[in-house]
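Quick note on labels: first sequence line is chain A, next is B, and so on, each numbered from 1. These figures come from a predicted structure and were not determined experimentally.
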Amino acid sequence: MPEGHVTHRAARLHTKRFGKKSVNVSSPQGRFSDSAQKVDGSVVEKIEARGKHIFYWFSTGEAVHIHLGLFGKFRLSKSPFPEPSENARVLIWTDDHEMQLTGPNTCELLVPTEIEKVLSKLGPDPIAEGMNGLERFQTAVSKRKIPVGRALMDQKVAAGLGNVFRSELLFLTGINPHTASNELPEDQVDQLWRTIVDALKSAERSGKIVTITPEDAGDTPRSKLERNESLYTYHRDGRGCRRCGTLIQMNKIDSRNIWWCPNCQPAR
DNA sequence: GTGTCATGCGTAT
DNA sequence: TACGCCTGACACG
């Protein structure tokens, strides 16, 4: 379930288990077998995330580039390991720990120049760069004449945002998704980036997207909220806004659904 | 069992 | 704008 917080969290957790360790690599499903053989038995030098991309750097000087897409999933387990799924594209394991990857959009072994090419297509990463990414975000937003709801899905604008975050972040900042990106006032753009950084960092730590503020969460601690109580707009069309009770609206931008509260996020 | 949907994205038309 | 790709969960009959 992949937005940017998932990849950074995976990089952090996988590093604990595999960083600086010599690992076994295979491809039960078969489609990564040739590449798996090349790095099998070598050392994982580091595991990095940028936006929705993850890079497993090996002592061979190459890196496995993974993009989870819509369906990709990592599963970590401790010895004794479960039977690997027949769909496991990649299996990485030591004596104690195993990582299983299924359903990725991309899983390929690349050399550094190829990795550079992947990175060059990405805008500022809110988790990796924090507020240092603000200037690049401002520039990207001000150049686009498209609705901001669409701009936020462009990985060159902000690397790591997906369909849950775009609706939720626009709610948190009171911005209507159909507002032209380049017409947003500067202070709103700043506030938007600050909100993006906070939300993604928080989701990276908890492993969950919880955007609702303590004031709106009522008596329940935010960590105890069910998934359908943690968000303001995502998948809540036809239900009352958690702030004002107005019915949440939905439509499609680029064939992806987007949700907003017409009262809390008025059209300009 | 079949159909639908999902936190993505590249390429063709 | 449409389609292909990747998988799994759930509703329905």
Quick one: which of [options] gets closest to the side chain of [X]?
{"X": "A/I209", "options": "B/dT7, C/dC6, B/dG8", "result": "B/dT7"}
{"X": "A/M153", "options": "C/dG8, B/dA6, B/dG8", "result": "B/dG8"}
{"X": "A/N87", "options": "B/dA6, C/dC6, C/dT7", "result": "C/dT7"}
{"X": "A/N105", "options": "B/dT7, B/dC9, C/dG8", "result": "B/dC9"}
{"X": "A/Y234", "options": "B/dT7, C/dC6, C/dG8", "result": "B/dT7"}

Whole-Å distance separating the [atom1] atom of [X] from the [atom2] atom of [N]:
{"X": "A/E108", "N": "C/dC6", "atom1": "CD", "atom2": "C1'", "value": "14 Å"}
{"X": "A/K121", "N": "B/dG10", "atom1": "NZ", "atom2": "C1'", "value": "9 Å"}
{"X": "A/I258", "N": "B/dT7", "atom1": "CD1", "atom2": "P", "value": "11 Å"}
{"X": "A/R236", "N": "B/dA6", "atom1": "CZ", "atom2": "P", "value": "17 Å"}
{"X": "A/K156", "N": "B/dC9", "atom1": "NZ", "atom2": "P", "value": "14 Å"}
{"X": "A/R256", "N": "B/dG8", "atom1": "CZ", "atom2": "P", "value": "4 Å"}
{"X": "A/E3", "N": "B/dA6", "atom1": "CD", "atom2": "P", "value": "14 Å"}
{"X": "A/L101", "N": "C/dG8", "atom1": "CG", "atom2": "C1'", "value": "14 Å"}

For this session: Evaluate the criterion ring-ring contact (aromatic ring centres under 6.0 Å, His included) for residue pair A/H5 and A/F165; output intermediate values, then yes/no.
Result: CA-CA 10 Å; A/H5 64 299; A/F165 274 125; 5.5 Å; yes
For this session: Would you mind classifying the nucleic acid contact of A/E86 as base, sugar-phosphate or nothing, using non-hydrogen atoms under 4.0 angstrom?
Result: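 A/E86: no heavy atom of the nucleic acid under 4.0 Å.
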Exercise. When we call it a touch if two heavy atoms are under 4.0 Å apart, what does A/R31 touch: a base, just sugar-phosphate, or nothing?
Worked result: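 Sugar-phosphate, backbone atoms only, no base.
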Problem set entry | Matching residue for A/Y56 among A/H14, A/E48, A/H65, A/K46 - test: side-chain contact (heavy atoms from CB on, under 4.5 Å) | A/H14
For this session: Would you say whether A/F71 stacks on C/dC6? The test is a distance between ring centres of less than 5.5 Å and an angle between planes of less than 30°.
Result: no
Would you indicate, yes or no, if [N] has its OP1 or OP2 atom less than 4.0 angstrom from a side-chain nitrogen or oxygen of [X]?
{"X": "A/K52", "N": "B/dC9", "answer": "yes"}
{"X": "A/H235", "N": "B/dT7", "answer": "yes"}
{"X": "A/Q29", "N": "C/dT7", "answer": "yes"}
{"X": "A/H67", "N": "B/dG8", "answer": "no"}

Exercise. When A/D125 is tested against each of A/Q155, A/H8, A/R50 for side chain to side chain donor-acceptor pair (under 3.5 Å), which residue passes?
Worked result: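 For A/D125, the side chain to side chain donor-acceptor pair (under 3.5 Å) check succeeds only for A/H8.
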Exercise. Which whole number of Å gives the distance between the P atom of C/dC5 and that of B/dT13?
Worked result: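 It works out to 14 Å between them.
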For this session: Quote, to the nearest angstrom, the P distance that separates C/dC6 from B/dG1.
Result: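 About 23 Å, rounded to a whole number of Å.
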Exercise. Between the side chain of A/R236 and the main-chain N/O of A/Y232, is any donor-acceptor distance below 3.5 Å?
Worked result: yes
Problem set entry | Smallest separation among heavy atoms of A/L247 and A/G240, with atom names |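 Scanning both residues completely, I find the closest heavy atoms to be CD2-N, 4.2 Å.
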Problem set entry | Centroid-centroid under 6.0 Å between A/H97 and A/F81 rings |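 No, too far apart.
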